Amino acid sequence: MLTISETISQLESLRDNSADFARSDDDPIWQRDIEACEGAAAILEALQEQHLETVENAVRRIRSYPVLSAACRDLRMQFKTGGTPVKIHGTRCCPKCHSPVGMKYKHCPWCGKRLIGRWENL
(Lines give C-alpha, C1' and ligand atoms only; values in the text may rest on other atoms or scores of the structure.)
Protein backbone atom coordinates (compact mmCIF):
# COMPACT_ATOMS: atom_id res chain seq x y z
CA MET A 1 0.00 0.00 0.00
CA LEU A 2 1.19 3.52 -0.75
CA THR A 3 2.28 5.93 1.94
CA ILE A 4 0.31 9.12 2.35
CA SER A 5 3.11 11.10 0.64
CA GLU A 6 3.08 8.74 -2.32
CA THR A 7 -0.70 8.90 -2.56
CA ILE A 8 -0.64 12.70 -2.49
CA SER A 9 1.95 12.66 -5.31
CA GLN A 10 -0.27 10.36 -7.38
CA LEU A 11 -3.29 12.59 -6.78
CA GLU A 12 -1.28 15.62 -7.89
CA SER A 13 -0.29 13.74 -11.05
CA LEU A 14 -3.93 12.86 -11.71
CA ARG A 15 -4.89 16.49 -11.15
CA ASP A 16 -2.27 17.67 -13.64
CA ASN A 17 -3.41 15.10 -16.23
CA SER A 18 -7.02 16.16 -15.76
CA ALA A 19 -5.99 19.80 -16.15
CA ASP A 20 -4.34 18.95 -19.48
CA PHE A 21 -7.54 17.29 -20.69
CA ALA A 22 -9.66 20.16 -19.37
CA ARG A 23 -7.71 22.62 -21.57
CA SER A 24 -8.38 20.58 -24.69
CA ASP A 25 -11.99 19.62 -23.96
CA ASP A 26 -14.96 21.71 -22.76
CA ASP A 27 -16.33 18.82 -20.70
CA PRO A 28 -16.91 19.98 -17.08
CA ILE A 29 -16.14 16.47 -15.84
CA TRP A 30 -12.40 17.20 -16.05
CA GLN A 31 -12.80 20.25 -13.82
CA ARG A 32 -14.66 18.11 -11.27
CA ASP A 33 -11.84 15.55 -11.44
CA ILE A 34 -9.36 18.34 -10.69
CA GLU A 35 -11.42 19.48 -7.70
CA ALA A 36 -11.78 15.90 -6.42
CA CYS A 37 -8.01 15.32 -6.59
CA GLU A 38 -7.31 18.60 -4.81
CA GLY A 39 -9.87 17.79 -2.09
CA ALA A 40 -8.54 14.28 -1.51
CA ALA A 41 -4.96 15.57 -1.38
CA ALA A 42 -5.95 18.25 1.15
CA ILE A 43 -7.59 15.63 3.38
CA LEU A 44 -4.53 13.40 3.22
CA GLU A 45 -2.21 16.34 3.95
CA ALA A 46 -4.24 17.12 7.08
CA LEU A 47 -3.99 13.49 8.17
CA GLN A 48 -0.28 13.47 7.41
CA GLU A 49 0.11 16.41 9.82
CA GLN A 50 -1.23 14.02 12.48
CA HIS A 51 1.86 11.86 11.84
CA LEU A 52 -0.09 9.11 10.09
CA GLU A 53 2.37 7.78 7.54
CA THR A 54 0.24 5.24 5.68
CA VAL A 55 -3.17 5.40 4.07
CA GLU A 56 -4.13 2.38 6.20
CA ASN A 57 -3.38 4.33 9.40
CA ALA A 58 -5.35 7.31 8.09
CA VAL A 59 -8.36 5.13 7.29
CA ARG A 60 -8.14 3.54 10.75
CA ARG A 61 -8.12 7.01 12.36
CA ILE A 62 -11.12 8.16 10.31
CA ARG A 63 -13.07 5.01 11.17
CA SER A 64 -12.33 5.45 14.88
CA TYR A 65 -13.76 8.99 14.87
CA PRO A 66 -17.34 8.01 15.91
CA VAL A 67 -15.98 6.08 18.91
CA LEU A 68 -13.66 8.93 19.91
CA SER A 69 -16.47 11.45 19.46
CA ALA A 70 -18.80 9.45 21.71
CA ALA A 71 -16.10 9.12 24.38
CA CYS A 72 -15.46 12.88 24.30
CA ARG A 73 -19.19 13.57 24.55
CA ASP A 74 -19.45 11.28 27.59
CA LEU A 75 -16.46 12.95 29.27
CA ARG A 76 -17.86 16.39 28.55
CA MET A 77 -21.15 15.39 30.20
CA GLN A 78 -19.29 14.01 33.20
CA PHE A 79 -17.25 17.16 33.76
CA LYS A 80 -19.89 19.75 32.83
CA THR A 81 -23.09 18.21 34.17
CA GLY A 82 -23.09 18.59 37.89
CA GLY A 83 -24.45 16.29 40.51
CA THR A 84 -25.33 16.87 44.12
CA PRO A 85 -23.13 14.91 46.55
CA VAL A 86 -24.85 12.11 48.43
CA LYS A 87 -24.51 11.02 52.01
CA ILE A 88 -23.40 7.42 52.50
CA HIS A 89 -22.89 6.15 56.05
CA GLY A 90 -22.60 9.75 57.26
CA THR A 91 -19.94 10.70 54.69
CA ARG A 92 -20.34 13.12 51.81
CA CYS A 93 -19.73 11.18 48.59
CA CYS A 94 -19.63 11.69 44.85
CA PRO A 95 -23.00 10.96 43.21
CA LYS A 96 -21.28 9.00 40.43
CA CYS A 97 -18.53 6.86 42.00
CA HIS A 98 -19.54 7.18 45.68
CA SER A 99 -16.01 8.09 46.76
CA PRO A 100 -15.65 10.50 49.71
CA VAL A 101 -15.42 14.18 48.71
CA GLY A 102 -14.60 17.29 50.70
CA MET A 103 -16.95 20.23 51.15
CA LYS A 104 -14.82 22.56 49.02
CA TYR A 105 -14.38 20.17 46.09
CA LYS A 106 -15.82 21.34 42.80
CA HIS A 107 -15.03 18.01 41.10
CA CYS A 108 -14.62 14.51 42.47
CA PRO A 109 -10.88 13.74 42.73
CA TRP A 110 -11.56 10.11 41.82
CA CYS A 111 -13.81 10.24 38.74
CA GLY A 112 -13.91 13.96 37.84
CA LYS A 113 -17.69 14.36 38.22
CA ARG A 114 -18.65 18.01 38.69
CA LEU A 115 -20.15 18.59 42.11
CA ILE A 116 -22.95 21.09 42.65
CA GLY A 117 -25.71 21.52 45.14
CA ARG A 118 -26.18 22.52 48.69
CA TRP A 119 -23.85 20.83 51.14
CA GLU A 120 -25.72 21.94 54.20
CA ASN A 121 -28.63 19.63 53.28
CA LEU A 122 -26.41 16.59 53.79
Side-chain angles (χ1 to χ4, degrees):
M1 185 170 272
L2 297 174
T3 66
I4 290 179
S5 295
E6 293 168 336
T7 304
I8 291 170
S9 293
Q10 285 302 121
L11 286 168
E12 290 170 348
S13 175
L14 285 169
R15 181 199 61 214
D16 294 342
N17 290 337
S18 295
D20 288 342
F21 284 112
R23 281 190 281 269
S24 63
D25 192 352
D26 288 336
D27 194 347
I29 290 175
W30 294 113
Q31 186 59 39
R32 292 185 56 159
D33 288 348
I34 293 167
E35 292 171 9
C37 288
E38 289 172 347
I43 290 168
L44 288 173
E45 286 169 357
L47 290 168
Q48 190 175 33
E49 290 173 6
Q50 300 291 315
H51 305 290
L52 302 171
E53 298 301 322
T54 66
V55 174
E56 183 178 282
N57 289 344
V59 169
R60 191 177 303 123
R61 172 74 58 89
I62 291 167
R63 287 191 175 139
S64 70
Y65 178 77
V67 174
L68 295 172
S69 178
C72 288
R73 184 178 54 250
D74 292 345
L75 285 171
R76 194 169 28 255
M77 288 299 293
Q78 178 175 335
F79 290 112
K80 284 189 171 185
T81 305
T84 304
V86 295
K87 196 171 205 177
I88 300 174
H89 303 296
T91 304
R92 290 177 181 91
C93 298
C94 171
K96 183 171 189 266
C97 71
H98 300 131
S99 296
V101 293
M103 289 179 61
K104 296 185 182 200
Y105 290 1
K106 294 186 190 252
H107 290 86
C108 174
W110 303 101
C111 73
K113 177 72 175 167
R114 183 172 172 228
L115 303 172
I116 60 170
R118 300 179 59 81
W119 288 98
E120 48 281 354
N121 292 341
L122 294 178

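Note that the numbering runs from 1 along the sequence shown for the chain. These figures come from a predicted structure and were not determined experimentally.
Here the straight-line distance linking atom CE of Met103 with atom CZ of Arg92 works out to 4.5 Å at 0.5 Å rounding. Here CD1 of Ile43 is found 12.5 Å from CD of Glu38. Values are rounded to the nearest 0.5 Å. In this structure, the separation between CD on Glu53 and OG on Ser5 is 6.5 Å, given to the nearest 0.5 Å. Put simply, CD on Gln10 and OG1 on Thr7 are 8.0 Å apart, with the number rounded to the nearest 0.5 Å.
Side-chain atoms of Ser69 do not come within 3.5 Å of backbone N or O of Tyr65 as any donor-acceptor pair. Between the side chain of Arg114 and the backbone N or O of Phe79 there is no donor-acceptor pair closer than 3.5 Å. Judged by distance alone, the side chain of Glu6 and the main-chain N or O of Thr3 form a donor-acceptor pair under 3.5 Å. Judged by distance alone, the side chain of Ser13 and the main-chain N or O of Ser9 form no donor-acceptor pair under 3.5 Å.
Within 6.0 Å of atom CD1 in Ile29, 12 or fewer heavy atoms from other residues, nucleotides or ligands are found, so the atom counts as exposed in its surroundings. Open room surrounds CZ on Phe21; 12 or fewer heavy atoms of other groups in view lie less than 6.0 Å from it.
Contact check for Cys97 versus Lys113: no side-chain heavy atoms found under the 4.5 Å cut-off. Using a 4.5 Å cut-off on side-chain heavy atoms (C-beta onward), Ile62 and Leu47 make contact. Taking the side chain as every heavy atom from C-beta outward, Leu52 and Ile4 approach each other to under 4.5 Å. When side chains are defined from C-beta on, Leu115 counts as touching Pro95, because their heavy atoms get closer than 4.5 Å.
Following chains of ILVMFWY side-chain contacts shorter than 4.5 Å, one cannot reach Leu2 starting from Leu44, and the two form parts of different hydrophobic clusters.
Minimum interatomic distance between Gly112 and His107 (heavy atoms only, all atoms of both residues): O-CD2, 3.3 Å. Nearest heavy-atom pair across Ala41 and Leu11 is N-CD1, 3.7 Å. Minimum heavy-atom separation, Ser99 to Trp110: CB-CD1, 3.0 Å. Shortest non-hydrogen contact noted between Arg61 and Ser64 is O-OG, 2.8 Å. The heavy-atom pair separating Cys93 from Val101 by the smallest distance is C-CG2, 3.8 Å. Across all their heavy atoms, Cys94 and Val86 have their closest contact at O-CG2, 3.9 Å.
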Evaluate the side chain to side chain contact (heavy atoms under 4.5 Å, CB included) criterion for residues Glu12 and Ile8: first the C-alpha distance (whole Å), next the side-chain angles of each, then the deciding distance (0.1 Å), finally the verdict.
CA-CA 6 Å; Glu12 290 170 348; Ile8 291 170; 3.6 Å; yes
